[in-house]
Amino acid sequence: MKILDLPLMACWYEMIESGVKKEEYREVKTFWSKRFLGLNHPLLSHRYGHENCNVKGYTHVRFRYGYTKRTMLFMIDEIVLGRGNPEWGAPTDKDVFIIKIGERIE
């Protein structure tokens with residue numbers, strides 16, 4: 001099991017916890033490109049052949065309520081590049097890494 005730990009703001013945490021929000025987003029920047037793909041530079045677009053961005057093999061995501069001990073663990077269905085839902089916190093004008101949330105474990 002390879003776990004991706006992500007702190008979230010209260011509103012996003014509660015939406016995921018209630019089952020409303022089914023995906024989480026991260027900007028396409030060097031930090032996340034390195035974390036998901038092992039690249040030392042940001043991707044410019046999903047048109048560069050990275051449909052599946054989970055090259056590092058994360059199997060689960062642990063969401064934290066800010067930086068507290070309150071957590072929840074989910075399986076990761078997939079991580080892809082694309083446009084997310086603005087109502088769930090995605091920007092409207094650029095691609096993001098989309099972490100598609102699967103079944104809740106704990």
Side-chain angles (χ1 to χ4, degrees):
M1 180 183 321
K2 188 168 182 180
I3 299 174
L4 175 65
D5 274 299
L6 297 177
L8 297 177
M9 294 189 326
C11 61
W12 307 131
Y13 185 94
E14 290 166 0
M15 285 180 76
I16 291 171
E17 187 175 46
S18 69
V20 172
K21 187 175 178 191
K22 302 289 187 187
E23 49 193 40
E24 177 57 22
Y25 310 110
R26 291 296 181 256
E27 291 185 48
V28 181
K29 295 201 172 198
T30 303
F31 177 82
W32 294 108
S33 294
K34 184 184 285 188
R35 197 136 182 218
F36 296 136
L37 296 168
L39 301 175
N40 289 326
H41 56 82
L43 294 172
L44 301 176
S45 169
H46 67 280
R47 291 180 289 276
Y48 294 100
H50 294 284
E51 292 82 20
N52 176 9
C53 297
N54 194 6
V55 173
K56 293 283 192 136
Y58 290 105
T59 58
H60 295 77
V61 59
R62 180 182 298 124
F63 294 113
R64 295 190 177 281
Y65 188 89
Y67 289 94
T68 67
K69 291 183 179 181
R70 183 175 165 191
T71 65
M72 53 188 170
L73 183 67
F74 290 87
M75 292 184 68
I76 294 176
D77 284 342
E78 64 180 340
I79 302 174
V80 295
L81 273 169
R83 299 283 168 112
N85 184 342
E87 293 177 7
W88 293 349
T92 57
D93 60 341
K94 56 186 167 184
D95 289 344
V96 291
F97 288 107
I98 303 171
I99 303 161
K100 300 201 180 220
I101 303 167
E103 177 184 344
R104 185 170 180 172
I105 304 300
E106 58 180 56

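When reading the values below, keep in mind they use all heavy atoms of this one structure, side chains included, and skip hydrogens, waters and symmetry mates.
- Side-chain contact between Val28 and Lys94: absent, with no pair of heavy atoms (C-beta onward) separated by less than 4.5 Å.
- Tyr25 places a side-chain N or O within donor-acceptor distance of the main-chain N or O of Asn85, the cut-off being under 3.5 Å.
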Checklist entry - Are His60 and Phe74 close enough, and set up right, to give a side-chain contact (heavy atoms from CB on, under 4.5 Å), and what steps lead you there? => result CA-CA 6 Å; His60 295 77; Phe74 290 87; over 6 Å; no
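- Pro7 and Gly66 make their closest contact through CB-O, 3.2 Å (heavy atoms, listed as atom of the first residue, atom of the second, distance).
- Each of Glu17, Glu23, Glu24 was scored for a salt bridge (charged side-chain N to carboxylate O under 4.0 Å, His left out) with Lys21, with one residue passing: Glu24.
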Checklist entry - Is there a side-chain contact (heavy atoms from CB on, under 4.5 Å) between Ile99 and Leu4 once you walk through the steps? => result CA-CA 10 Å; Ile99 303 161; Leu4 175 65; 4.0 Å; yes
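- None of Ile79, Val80, Leu81 except one satisfies the side-chain contact (heavy atoms from CB on, under 4.5 Å) rule with Phe36; the exception is Ile79.
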Item to check | Candidate pair Arg26 and Phe31, rule side-chain contact (heavy atoms from CB on, under 4.5 Å), full reasoning | outcome: CA-CA 10 Å; Arg26 291 296 181 256; Phe31 177 82; over 6 Å; no
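- We find the CZ-CD1 distance between Arg62 and Ile3 to be 4.0 Å, quoted to the nearest 0.5 Å.
- When the shell of 6.0 Å around OH of Tyr67 is examined, it contains 12 or fewer heavy atoms from other residues, nucleotides or ligands.
- Taking the side chain as every heavy atom from C-beta outward, Phe97 and Leu37 approach each other to under 4.5 Å.
- A continuous path of hydrophobic side-chain contacts links Val20 to Met9 [ILVMFWY only; heavy atoms under 4.5 Å].
- A 4.5 Å side-chain heavy-atom check between Thr71 and Asp5 finds every atom pair outside the cut-off.
- Contact detail for Asp77 and Ile101: the closest heavy-atom pair is OD2-O, 3.6 Å.
- Leu73 and Tyr58 fall into different hydrophobic clusters, where Ile, Leu, Val, Met, Phe, Trp and Tyr are joined by side-chain heavy atoms under 4.5 Å apart, directly or via other members.
- If you take CE on Met75 and CE on Met1, they are separated by 9.0 Å, rounding to the nearest 0.5 Å.
- Residue Glu27 holds its CD atom at 11.0 Å from OG of Ser33, rounded to the nearest 0.5 Å.
- Between Met72 and Tyr13 the shortest heavy-atom distance is CE-O, 3.3 Å.
- Between the CD atom of Glu14 and the CD1 atom of Ile16 there is a distance of 11.0 Å, given to the nearest 0.5 Å.
- Val61 has its side chain within reach of Leu6: a pair of non-hydrogen atoms, C-beta onward, lies under 4.5 Å apart.
- Closest non-hydrogen pair, Lys56 versus Arg35, comes out as CG-O, 3.0 Å.
- Between the side chain of Arg104 and the backbone N or O of Glu106 there is at least one donor-acceptor pair closer than 3.5 Å.
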